[in-house]
Structures are given as structure tokens and as C-alpha cells.
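First up is the structure itself, then whatever we jot down about it.
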2 protein chains.
Amino acid sequence: MAQQSEQLDGIFQALADPTRRAVLGRLGRGPASISDLAKPFDMALPSFMKHIHFLEGSGLIQTRKEGRVRTCAIDKQRFAAIETWLSEQRALWEGRTDRLEQFVLKTQDKETQK
Amino acid sequence: MAQQSEQLDGIFQALADPTRRAVLGRLGRGPASISDLAKPFDMALPSFMKHIHFLEGSGLIQTRKEGRVRTCAIDKQRFAAIETWLSEQRALWEGRTDRLEQFVLKTQDKETQK
DNA sequence: ATGATACTTAGCCTTATGGCTCAGCAATCA
DNA sequence: TGATTGCTGAGCCATAAGGCTAAGTATCAT
């Protein structure tokens, strides 16, 4: 449970950056090398590498070096953790009145007063 | 598109913190005041407030002040953005060989050499 | 054997994050 | 009216994030 939470920390943090999401988008179409992945981004390679390391640390991708080329690929299993969390969250909503809070928030026309 | 990306930045960043995920878990069971929400956490109120503001900024919750009490509630719609992104990501995987990358990564027993 | 390629390491810089305290301020309660 | 409750604002602090450059190492090609 606790370790699951830390895992989610890393996963969501990894997803919170547009560069990293774009990398995942590219890897969704198949494995690629670091330099191939880096090409679309106007960023120094070491900066880009930090994103790769972050993604690998979160478990969302795996990498493997062969010769001088490091190949990256998505680890689909890790995405299941996101789905699980979302399901748990949604499970809470269901079987609940569900009219109340929309009412609570909408009646006073968005007047989020100080 | 671009603004969607920034929206996702905020949403995922908001989810990347255990306190904030716990707050969402609590709010999943229904609206609550700031001080009720803060009770379980061993944290000064202003610190806790930052999390609430972050959540509100991301759109995952909405708040409304009545008298001296501010009530918070989940905005379920925002969660759809996460599902959408996940679906898009999964759409990329599907209709693809799908054996290749697992092979690429698993053959060399995890020897992620330097 | 040289040179180019593909990372990798180290370190610097700026901004953001997540915690704190101390001091308000407005709404209720006694 | 005075005290308590429930936030709110300002500002400090330490660490992490995300960018950079410069220099290094290991392959691979010639």
C-alpha cells in the first residue's frame, strides 16, 4: 500500500511533463533509441536524458543498451497502476447521492468569494 | 491541444502527491470542509491549504465559501481528461505487433549495463 | 589508428514544490 | 462584547525539477 503510493507518486510525476508524455506517445508506436526519441525536441541531450531516466525510474518505460545504442520501450504493465487508481476513485463515487455536491457547488453562481 | 497539454500537466502534477490523492479519496465519498479534510494530516493548515489550492487550480476539485467555512467537492469531469489521455495512449499500442518490444527488453536478462 | 557517433557524467543555474511560522480577519458562539 | 473557530496571507527555508555547458567514455566506421 505505502509502496504503491510511492509508485503512484513517480508515475503521475512522470506524466506531469509534456516532453515525457510526448516520449510515451512516440514509444506507443514502438521501441526507439535515445537519439531518435530526442530528435523532435529542441533540448540538449543531457536534459533529454533526465526525462528518460525519470520515465525509467517510474517504471513506465524500460531501456536496454546494446553497443552504444540504448533502446527504450514502453512497459505497459505500469499503466495498469493508473487504471487501478482511477477505478478505486470511481468506485467511491458510485453508490452515492451524486446530486448533492454538484448542487452545493453550482447554486451560488461560481461566486468563490474571499 | 496545447492547452489540453497544460491541463494534463496540472492534473498529473496534482495527482503526484500522496496528500492530494488522499484528499481526492476523501472527497470521493462526498464534499467536506477544509478543516475536516485537514484533520487526518499532521501538517500546518497553511501547508495543507496549498494542496487544496493546487487541486482547485488543476480543476480536480471545486470549492465554495459559505460563512467562514469553505466546502470542497470533486469535479468528476476533470477525471475524464485522464481517461482520454490513457485511451489515446492505449490506442497506439493496439494494432501493433506487440511481441517485439517485450522481446527486445526481456531477452538480455535485465542486464541494463552501463 | 583516427574520427565520428551515441550516449554519459559532473556541475551550475533558476524556478517550483512542499513544508514551516507568525500574524491577520471575518463569522459564530457564549 | 469578547473569545473562539476557520480559514487566509506573507514570507522564510530546504530540496527537487528542468534546463544548460563542458568534458568524458565506449562503439563503430574508415
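We name chains A, B, ... by the order of the sequence lines, and we start the count at 1 in each one. The figures here come from the full heavy-atom set of this structure, side chains too, leaving out hydrogens, waters and symmetry mates.
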Give every pair of a protein N or O atom and an N or O atom of nucleotides 24-27 of chain C that lie under 3.5 Å apart, one pair per line with the distance.
{"unit_1": "C:dA27", "atom_1": "N3", "unit_2": "B:Arg68", "atom_2": "NH1", "d": "3.1"}

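- Here the CD1 atom belonging to B:Ile52 is positioned 8.5 Å from the CD atom belonging to B:Glu56, to the nearest 0.5 angstrom.
- The nearest whole Å value for the distance from the CD1 atom in B:Ile52 to the C1' atom in D:dT8 is 14 Å.
- For B:Phe79, the side chain to side chain contact (heavy atoms under 4.5 Å, CB included) partners are A:Trp85, A:Leu86, A:Gln89, A:Trp93, B:Leu24, B:Leu60, B:Ile74, B:Ile82, not counting sequence neighbours.
- Between B:Lys65 atom NZ and D:dT8 atom C1' there is a gap of 7 Å when expressed in whole angstrom units.
- Of the inter-residue distances, the one linking B:Thr71 atom OG1 with B:Leu37 atom CG reads 9.5 Å to the nearest 0.5 angstrom.
- As judged by a 4.0 angstrom heavy-atom cut-off over every strand, A:Leu45 is placed among the base-contacting residues.
- A straight line from CE of A:Met49 to C1' of C:dG11 spans 17 Å, rounded to a whole angstrom.
- In this structure, the CZ atom of B:Phe48 is 13 Å from the C1' atom of D:dG6, given to the nearest Å.
- Atoms CD1 (A:Ile34) and P (D:dT25) sit 20 Å apart, rounded to a whole Å.
- Here C:dA16 presents its C1' atom at 20 Å from CZ of B:Phe12, a figure rounded to the nearest Å.
- A search for salt bridge (charged side-chain N to carboxylate O under 4.0 Å, His left out) contacts involving B:Arg21 returns A:Asp9, not counting sequence neighbours.
- Atom CD in A:Glu56 sits roughly 14 Å away from atom C1' in C:dC7 (whole-Å rounding).
- Helix bend of the helix from C:dA1-D:dT30 to C:dA30-D:dT1: the angle between its two end axes, each built from five pairs, comes to 20° after rounding to 10°.
- When the C1' atom of C:dC20 is taken as reference, atom CZ of B:Phe41 falls 18 Å away, rounded to whole Å.
- Distance CD1/A:Ile11 to CZ/A:Arg78: 5.5 Å, rounded to 0.5 Å.
- Sorted by first and then second residue, the salt bridge (charged side-chain N to carboxylate O under 4.0 Å, His left out) pairs with a member in residues 36-47 of chain A read A:Asp36-A:Lys39; sequence neighbours excluded.
- Listed by chain and residue number, A:Met43, A:Ala44 satisfy the side chain to side chain contact (heavy atoms under 4.5 Å, CB included) test with A:Ser47 (two or more places apart in sequence, or in another chain).
- Applying the ring-ring contact (aromatic ring centres under 6.0 Å, His included) test to pairs two or more places apart or on separate chains, those with a residue in residues 27-50 of chain B are B:Phe41-B:Phe48.
- Residues passing the side chain to side chain contact (heavy atoms under 4.5 Å, CB included) test with B:Arg20 are B:Ala14, B:Asp17, B:His51, B:Phe54, B:Leu55, sequence neighbours excluded.
- When distances are taken from the side chain of B:Arg70 to each of C:dT8, C:dA6, D:dC7, the shortest belongs to D:dC7.
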**Fill in**
Quick tally for nucleotides 10-19 of chain D: nucleotides whose base has a protein heavy atom under 4.0 Å get B, sugar-phosphate-only ones S, the rest -, giving --------BB
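- Among residues two or more places apart in sequence or in another chain, the salt bridge (charged side-chain N to carboxylate O under 4.0 Å, His left out) test is passed with B:Lys50 by none.
- Rounding to the nearest 0.5 angstrom, the gap separating the CZ atom in A:Arg64 from the CZ atom in A:Arg70 is 11.0 Å.
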